[in-house]
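A short write-up of the structure that comes next.
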Amino acid sequence: MTPSIASNPADASIPAPLIQRSLFSRLAPWLVLVAALASTFAVWEVARGNALRLANERFENRVEAVKATLIDRIGVYQQLMRAGGALFAGSDRVSPQAWQRFYDTLRVSESYPGLVGFGYAERVTAQQRDAFIRARTDANDPAFKIWPEGERDEYTAIIFFAPVTSQNKMVYGYDMYADPGRRAAMQRAASSGQTALSGEVSLMQDQFTARAQPGFMIYQPVYRGGVMPAKPADRPAALQGYVYGAFRVQDLMQSMFGQRHDVAVELYDGTLITPQTLLYQAEEKPTRHPRFSAQAPVKLGTHLWTLRVASREPFEAGVRRETPGIIAVSGVAISLLLFALTLTLSRMRERALEIARDMTVTLKENEQRLREITASLGEGVYVKDVDGKVTFVNPEAEKLLGWSAAELLGQDSHLAFHHHRLDGSEYPADECPITQAARRGEAYRGEDYFWHKNGALIPVSITSSPIYRDGELAGAVNVFHDITERRRNEAQLRESEQFRALFEYAREALFLVDVDGFVIDANQIAIESLGCTRAEVVGRAAREFMITAMWSDGGETLAAIPARAGPDAPLIFEGEHVRKDGTRFPVEALFSPIRVGSRDLILIAARDITERKRAEDERRELLAREREAREVAEATQRSLGRSNADLEHFAYAASHDLQEPLRMVTAYNQLLQKKYYGKLDDEANRFIEFSTTGARRMEQLLQALLAYLRVAASDEPAEPVDANRVLTEALNNLQAVTEESGAVITSEPLPQVRVHAVHLLQLFQNLIGNAVKYRSAEVPKIAIAARRDSGTWLFSISDNGIGVDARYTEQIFGIFKRLHGDKYGGTGIGLAICQKIVERYGGRIWVDSAPGRGSVFHFSLPV
Ligand code: ADP
């Protein structure tokens, strides 16, 4: 079977152009016949014209030939007559024997047919007649006489003749002048000096013959002495006699034309065509209606004959043979032959078409059958020709390759779906074993990869078998199927072996359950974790020992795992495992779908999380406690904040309100001093002094307290300030004291800090002021520096002053706390303000110091 393809197997109709051609092929033989007959007719017409012309020419030639033969023959006879005449001219006495010898020598009887008698007649005048007869008689010829009897002015007596036959003997002594016809011819000869032909005469030789033929005479004049007088008038007198030839026209003509059957020759004496003038007529009668006929005058010296020639059957048959009858016949025959040929061809074509149609139908049916067979195979089938072009594709191959048959047909199969190797490199057809085998006409069986239309790889098992048609390699049938599943199973088998090893040697408890939740397998750790034997675990429902929210939805949840979880993203549940003895321990279970062999199972990795739970519980407890403490602290803070605020508010109000009575005390103290100082006793004076000093001190304290309280009052947002600039300002404000003490103040470049400038100013002034104030005996040396310390700027102000006992380094930051109260003036509020400022910005202030070793005050500020 020849596999070939059409889009619709049911469509076996012949296309329209084919039908037109079929119609044409039916008409073609008739067209050929008409054309051939027409051209035959045309050729025949032309050929017929040509043949007729040729026949006419040939006939004319034939007439000319007859005429020429006649003239030639008569010429030959005239020649003979002249030769006879010459015999007389050359000799005085010609004897009968000499004449006979002459006659014999020339073999006249054989060489000159038609010549009945050849002789000589002596001219004898009336005066010479008797003497002449006498002389003849003398010459031992007693019977001689001139005849016919009668008196005439001149006589011509035949004295020699040949051949000597009984008939010829009769002419002896015959006077030819006696016959006017003869005499006229003789006298023409005598006067012209030429041979002359007579008209029709009755030959003396034939006078007793039943079938007398027309005859004629040729005369040659013989002059005395052999010399012909120049003048014609002198010639009759010089005439000695005549050499004559007597001819039977019939015999003569017969000898010339007797063999000619193709034409009929008639000879007439003179120009008139009458039965009387007819000299010769061929024995065979001319055709009744000859197609060709001609008449021609034949001039023989002074005599005129008329020749009539008519075509006879043989000639006409020849012409007919040459006429294009043959052309017509053969033309018609050829036409008919062509007609038959084209008819046969057309029939054959029709038949071929019919066969083609049948074959197409058969082909379609076969193809359909092939399609059906190959469809039921469940294998992809494609057929390719010797060039590797696809000629057939079954639906399975279409499905597997993603190409439709229409797309694949005519395509090079290798280029279509076998163009690249597995690693993505180009795959030349010359290196493809399938293509190679097909080209060599060999079978091939193997596994390979085809490319789906969408670019996916299809592992296939393929069998390629060569197709031979009429002993010639015609292509190959390739049958293939997708072995993805097999490959996958193989991979799975490999994987499952690996899985088994992993399963057993894993350091976690692993359970393999089916989608209904029954344990298929469990590893040693899992079995031991439950205090069971393998037999007690395998086959049990997992939910019996595995208490987890996983089961809350029943088996369906388990079945849904493959959809909801993947090997890399398991579903995680926490729960408890129940040991054989009934004790429980917390577990974290990871549910992953897994395919073992061909089964979809669920792998549960259960982790004992007892430790983790405990740690978590502890942490949770710790966090709770911490939260509690924080809440208490925050509450305390809040209430403290509130009481601080109340306190500050009260202190502020009190300080403020105290100023008024203090001013009154001061005013009255001043009055007392002005009015009674020196007027009372010393004690009174001292009391007044105490009162005044106390009041002033009270005022100082109140001012200091207000200053302290005001620090908290400002809550404007801080802008970055240049600490160097603020330091300069502080040093300016302290100029008097620093100069007085001769202090040496050094500073490193300071940063920008986000604080209110006035606060930084207060910090610098208080601390530098203290460093100067609490100086030792040495010249005070004060250094200011700043460095970054975990998100803050850490300032330091060091001095070489008296220092502070480590016991008091915290106290000194309290309100009104002073260590060196009496010796050094002060309110004991400076450091408290400093602390309040620093803390306001979330910083810290402290001092590193020891008595007599100087002090370093540190404070941190935000960046
Ligand atoms: P005042 O200076 O008005 O006493 P302060 O609050 O400024 O109040 O100081 C508290 C106390 O800290 C001071 O009385 C002093 O005893 C001690 N003090 C402060 N600065 C220094 C310093 N640079 N060297 C030694 N002692 C100091």
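Along the sequence shown, the residues carry numbers beginning at 1. Model, not experiment: these values are computed from the prediction. First listed ligand is number 1; within each ligand, the first listed atom is number 1. The figures here come from the full heavy-atom set of this structure, side chains too, leaving out hydrogens, waters and symmetry mates.
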In terms of relative ring orientation, are H756 and Y841 parallel, tilted or perpendicular, with 30° and 60° separating the classes? tilted
Out of curiosity, is G801 lining ligand 1, as in a heavy atom under 4.0 Å away? no
Of the backbone atoms (N, CA, C, O) and the side-chain heavy atoms from C-beta on, which set of I802 has a member under 4.0 Å from an atom of ligand 1: side chain, backbone, both, or neither? side chain
Quick one: look at K817 and ligand 1, take heavy-atom pairs under 4.0 Å, and tell me if it's side chain, backbone, both or neither. backbone
Between W793 and R788, is there a cation-pi geometry (under 6.0 Å to ring centre, at most 45° from the normal)? yes
Donor + acceptor pair across side chains of S855, S849 (<3.5 Å): yes
In R614, R619, R612, the residue satisfying salt bridge (charged side-chain N to carboxylate O under 4.0 Å, His left out) with E616 is R612
Close approach of R775 to ligand 1, heavy atoms, under 4.0 angstrom: no
Near V804 (heavy-atom distance under 4.0 Å), the atoms of ligand 1 are 25 (C), 26 (N), 27 (C)
Would you say the ring centroid of F585 lies under 6.0 angstrom from that of H577? yes
Is there a polar contact, in the sense of an N or O pair closer than 3.5 Å, between L819 and ligand 1? yes
Numbered atoms of ligand 1 (with element) below 4.0 Å of N770, judged on heavy atoms: 2 (O), 7 (O), 19 (C), 20 (N), 23 (N)
Quiz question: by atom type and distance under 3.5 Å, do the side chains of Y449 and H420 form a donor-acceptor pair? no
If I apply the N/O under 3.5 Å rule, does L831 come out as touching ligand 1? yes
Would you say ligand 1 has an N or O under 3.5 Å from any N or O of G828? yes
Return the option from Y774, Y824, Y808 holding the heavy atom at the smallest distance from atom 2 (O) of ligand 1. Y774
Ligand-residue contact atoms, ligand 1 with K773, heavy atoms, under 4.0 Å: 1 (P), 2 (O), 3 (O)
Classify the contact between D799 and ligand 1 as side chain, backbone, both or neither, using a heavy-atom distance cut-off of under 4.0 Å. side chain
For F511 and F545, take the angle between the two ring planes, folded into 0 to 90°, and tell me which bin it lands in: parallel under 30, tilted 30 to 60, perpendicular over 60. tilted
May I ask you to say whether R844 pairs ionically with E839, meaning some side-chain N is under 4.0 Å from a carboxylate O? no
Do you see a donor-acceptor pair shorter than 3.5 Å between the side chains of D722 and Q752? no
Quick one: which ligand 1 atoms are inside 4.0 Å of a heavy atom on I829? 6 (O), 8 (O)
